[in-house]
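A quick write-up on the structure given underneath.
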Amino acid sequence: MSSPFLEIDGLNKGFGGLKAIRDVSFSLGREEMIGLIGPNGAGKTTLLRLITGILKPDSGAIRFKGKKINGHKTWSIVNQGIVGTFQNMRPFRRLPIIANVMVSCLSPRAMKRGEWVKRVEAKAMDALEFAGISDMALEDASTLSQGDLKRLEVARAVATEPELLLLDEPFGGLSPAETDLMGKSVKRLHKGGRFGRLHSEGPAMIIIEHKLQQLMKIVERIIVLNYGEIIADGPPEEVVKNKDVIRSYLGGGGI
Amino acid sequence: MLLDIIISTLINGSVYALLAIGFSLIFGVARIVNIAHTAFYMIAAYCIYFITNSLNLHPLLGMLTAIVLVTLIGLISYKFFIDPIREHEAAVLIATIALAMILQEVMLLIFTGDFLSVPSLIKGYMEFFGVRIAFQQLLTIGVALVILAAVWVLLRKTRLGLAIRSTANDREVANLMGMNVAQVAMMTMGVSVALAAFTGAVVVPLTILNPHMWMHPLIMMMAVVVLGGLGSIKGSFVGAYILGMAESLVVFLIPMGSFLKGSVALSIMILVLLIRPEGLFGVAFEEER
Amino acid sequence: MGLIGFYLRKLFTVFKGEVLVLPSRVVVLLFFLTLLLLPVFTRDPYLLRILILTSIFAILAASWDLLSGFTGQMNFGHALFFGVSAYTTALLNLHLHLPSWGSIPLGALAAVLAGLIVGIPSLRLKHTYLALTTLAFPIILLGVVYAIPNITGGELGLSGLSRLSGSRVTDYYITTILMLGLCTIMWKITDSNTGIIFHAIREDEVAVRAAGINTTRYKLLAFCLSGFFAGVSGGLYAHFMRIAGPSTLEVSMSFQVVIWAVFGGIVTIYGPVGAVFILVPLLEFFRFWPEGRMLMFAAIILLILLYMPQGLLPWLRDKVEKECPRCKIRNIATRSTCRICAASLD
Amino acid sequence: MLLEVSNLTINYDKAMIINDLSMHVDSGELVSLVGPNGAGKSTLLRAITGLVAWEREITRRSVGEDITIEGTVKFEGERIDQIPAHKIVARGLIHCPERRRPFREMSTYDNLLAGGYLLKNKKEMEENLEKVYQLFPILKERSKQISGTLSGGEQQMLAIGRALMFKPKLLCIDEPSTGLAPMIRQEVFDSIVDIRKLGITVLLVEQEVSTVFKMSTRNYVLSSGKIIAEGTGKELLQDEIIRKTYLGL
């Protein structure tokens with residue numbers, strides 16, 4: 001039996017006294033695109049940071065294509081094909097936007113792929129085009145609005161041409177129309193193909209999002225976290241009807 | 001020998017502790033790396049020399065004047081040269097370096113580069129297991145410990161101390177508790193410089209005055225602060241005596257030791273930091289890798 | 001003949017369009033020309049000596065900027081690279097009788113090694129901790145230098161190195177051309193892809209890692225590169241002064257480098273170079289009052305910083321040039337429209 | 001009217017965080033501000049208590065981003081948008097910040113003393129301390145402990161206790177329930193109800209709608225820096241808007 005694409009097994013993580021992630025296990029197929037939802041402080045972002053290696057788990061295992069990757073450095077995880085965005089956006093403020101993306105294009109993974117594209121700038125430009133902010137390529141990142149910073153985050157992640165993409169609130173701060181556009185781009189990315197000089201592997205995705213309506217349009221499966229535990233896992237239509245989910249989202253009273 | 005080591009550990013350690021705590025205070029409250037800190041210590045020492053030798057006044061009076069005067073100089077230079085560029089870290093850094101150079105050069109102009117000394121406050125010595133211990137040494141250790149205790153009381157028991165500690169912990173929340181953060185920074189600078197001046201006053205009879213005398217204590221003070229953990233008063237205290245002892249041991253036990261004392265102490269600091277990057281008593285936060 | 005004329009005209013057009021349009025580029029051109037042509041007009045040994053030393057320090061200041069300005073790895077012990085290279089060069093020259101063209105590169109390699117050693121703590125330490133730790137390295141070495149005087153010459157240092165070359169003018173050309181060349185290389189490095197990663201590491205190291213870049217490698221690279229350039233300047237210094245003494249390792253030397261770089265404006269490369277060419281001759285000029293020259297020097301730095309905390313040269317540059325809001329091309333301040341995209345500048 | 005915010009607009013560089021917002025709080029109320037992440041709830045609170053203006057001063061000195069504040073904030077009929085944060089505190093408008101933020105390296109007792117920093121009178125200090133201890137007995141047990149080592153719930157109680165030390169007229173609490181276990185959350189909310197019984201007006205920023213709606217007298221729903229709904233919990237719960245902002249359905 002072949003091992004699953006991404007397998008998370010009994011993951012635990014605590015900060016001081018608080019257990020942010022407790023005994024989380026799930027697996028993800030190569031073609032899957034899942035949503036990760038839950039109230040604030042449920043541990044969604046922590047889970048993503050554990051997978052990308054920015055945080056170290058206390059116990060448990062993360063296996064990518066059958067290989068254990070927890071304990072690896074962040075950059076080596078990225079070069080194996082997993083990349084994530086930051087929820088609280090961490091642009092290089094005093095660099096132009098294009099340079100922000102060029103850093104990702106300069107990673108060994110991105111450099112190895114697409115031998116014929118030696119121009120990093122061109123590739124970075126296409127990543128910006130994909131995220132819809134290519135017209136601002138020369139502005140300093142510090143001048144961007146929240147929504148544009150979100151798109152910059154996405155552009156930076158996409159530029160490494162990942163096989164597993166972890167998006168932390170990609171629609172945050174976007175207007176409804178922009179959200180639609182971004183949703184479509186994400187879907188297209190998932191299908192794979194070319195975006196100019198940028199090549200998409202058709203990455204598997206985990207998307208954290210509060211805008212459920214948009215999320216449900218693009219994902220086939222949703223995992224709900226609350227207090228660091230998985231309380232529901234299934235197709236969107238089922239999950240939103242789940243009593244536990246409604247309670248955790250709107251609190252004890254229900255509607 | 002053992003007694004010599006203990007005495008010199010106590011003296012060096014106390015001096016470093018006093019300097020390091022002053023340096024830590026202003027770093028903690030205003031994030032200023034004040035390179036000129038030990039330069040204030042130096043001018044306090046010169047002040048005392050001037051008052052006792054040139055004006056022939058009592059050393060105690062000299063000490064008091066020195067402390068007041070140096071604190072004033074410190075506050076003025078903070079107000080005019082450091083505060084306006086506070087938010088530019090690199091600029092603040094070389095502003096303090098330039099300040100230290102200015103103080104050094106002014107002292108060179110007034111007193112020349114000659115080695116000068118100040119007579120002891122009390123003469124005489126006692127013998128203890130065949131080792132001579134000057135009363136001045138004991139006095140210095142005693143006064144230094146008293147001042148350290150006074151600083152502790154200031155920080156723990158007074159309103160200003162509360163404000164200083166709160167501001168060092170979290171500037172914004174301190175603001176929310178009704179503390180005027182800018183004013184607290186100013187007062188902390190005053191306390192910090194006064195401590196440097198006190199230190200100068202305490203050790204002046206034991207050292208030789210020279211306009212370059214601020215360099216070695218500066219380096220040791222910084223090593224102490226980093227070793228103990230930035231912003232930790234307890235760390236500065238413990239770190240000071242550790243490095244003070246390391247210096248004394250090297251000086252007394254190794255040939256050519258007086259050349260190597262700084263090297264050994266600093267190597268200890270680097271080794272500790274490689275094992276504990278946040279220093280001995282620093283606070284480590286969840287590491288992002 | 002016509003072909004040569006064509007190329008000359010073409011060259012002139014490029015020159016007119018690319019160099020003469022910007023005051024900063026004209027200044028750089030004049031700077032290069034003045035330095036290279038100076039000995040044609042004067043061979044005053046005192047003037048040449050000052051300019052040689054200025055060139056040597058310019059390399060040093062620029063190398064600090066390459067490391068601390070760009071990657072943000074504050075190095076308070078830059079004298080280490082300078083001193084290590086100076087001593088290594090001196091030892092090689094005195095004992096193995098290596099000529100200067102052999103000893104200086106080897107000295108620089110020793111400085112690269114020093115860069116690697118200092119770089120290791122930087123992998124775990126950040127900000128002020130790193131700055132104060134790097135301060136310690138040259139002092140540790142200085143203690144060792146004093147402790148083994150029969151090898152290092154103790155307080156007197158190692159003297160009697162062979163001359164850099166036979167004549168003062170040749171010395172001048174060697175150092176100036178090396179300075180111009182090395183600084184251009186440094187500027188090119190910071191302008192390259194590697195430079196972008198350096199910039200990014202300063203801004204947010206974790207985010208760089210999350211982009212798949214091995215930051216450890218790049219930080220060590222920065223330390224080594226900076227060590228190399230500082231090492232070349234240390235070797236030149238030892239051969240030119242014909243002595244390698246403890247002063248090359250002292251704290252004041254490290255502070256001096258930081259002062260030059262911050263005064264000129266960090267993260268520019270040209271800033272520190274310009275600052276050295278202003279400050280070192282200025283210090284010489286102050287010799288009319290020898291006792292007070294350091295005092296005046298420090299006072300000037302303090303006062304200028306009050307008005308331009310981001311550094312002198314960037315401040316001046318912003319006065320004479322402005323950036324087009326649309327295409328980000330720089331224009332002379334007197335223009336009202338951008339020279340490339342014709343957008344209005346205001 | 002105890003607090004009145006009118007036509008407040010806040011820009012961080014180009015991004016508009018608060019957009020022409022007006023609201024008010026009357027004496028004796030418990031008003032809550034709810035809304036999704038990034039709606040501007042915390043910024044609004046920070047603007048009211050003068051922190052945004054303080055931040056603006058700092059960024060102006062460096063070359064960082066440019067913050068602009070327009071509109072007025074009145075407390076007890078007097079404008080407070082022009083005076084520094086530490087003087088606003090003296091008027092009795094206290095802000096209990098997001099993520100608790102105790103002075104980590106100080107003991108619980110010292111934290112509480114810092115809260116009463118503006119009290120000149122030692123007797124008053126002791127009385128207030130006693131009151132806080134009555135409200136949160138756990139703080140008395142932990143009085144010697146370094147606050148950084150307290151559990152999340154204890155830290156939250158400490159933060160609220162600290163804010164209570166200077167007898168506030170209006171207490172602004174920013175997201176007290178973040179990162180707390182359900183049991184502890186309930187305890188914290190209960191204590192907020194108790195505080196209101198002491199005669200202190202409370203302005204609460206929260207995400208957990210249902211609990212908040214049960215205890216508050218009035219609510220504002222924020223989205224993208226604007227108030228999109230106002231009313232009592234019951235009214236709002238029947239409203240389509242809440243479902244939309246919260247579940248996105």
Ion pair C:Glu203/A:Arg94, N-O distance below 4.0 Å: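 Yes.
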
Mind listing the closest non-hydrogen atom pair of [X] and [Y] along with its distance?
X	Y	answer
C:Asn193	A:Met102	OD1-CE, 3.7 Å
C:Ala211	A:Ser107	O-CB, 3.2 Å
A:Ala99	C:Ile196	O-CG2, 3.8 Å
A:Phe86	C:Ala207	CE1-CA, 3.8 Å
A:Val103	C:Ala200	CG2-CB, 3.7 Å

Contacting region of A:Val83 [heavy-atom separation from chain C under 4.5 Å]: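 Interface part for A:Val83: side chain.
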
A:Thr52 versus chain C, the contacting section by heavy-atom distance below 4.5 Å: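 A:Thr52 has no heavy atom closer than 4.5 Å to chain C.
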
Choice from C:Asn214, C:Thr216, C:Val267 maximising heavy atom contacts with chain A below 4.5 Å: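 Most heavy-atom pairs under 4.5 Å with chain A: C:Asn214.
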
Close side-chain approach of A:Trp75 and C:Val208, heavy atoms under 4.5 Å: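 No; the side chains remain at least 4.5 Å from each other.
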
Heavy-atom side-chain proximity of C:Lys328 to A:Glu139 below 4.5 angstrom: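 When only atoms from C-beta onward are counted, A:Glu139 and C:Lys328 do touch, with a gap below 4.5 Å.
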
Donor-acceptor contact below 3.5 Å, side chain A:Asn79 vs main chain C:Gly212: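 Yes, the answer is positive, given that a donor and an acceptor are paired below the 3.5 Å cut-off.
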
Might you confirm whether atom [atom1] of [X] has over 12 heavy atoms from other residues, nucleotides or ligands at distances under 6.0 Å?
X	atom1	result
C:Arg217	CZ	no
A:Glu31	CD	no
C:Tyr270	OH	yes

To the nearest 0.5 angstrom, please state how far the [atom1] atom of [X] sits from the [atom2] atom of [Y].
X	Y	atom1	atom2	answer
A:Leu106	C:Thr194	CG	OG1	8.0 Å
A:Arg90	C:Glu205	CZ	CD	10.0 Å
C:Ile329	A:Leu138	CD1	CG	8.5 Å

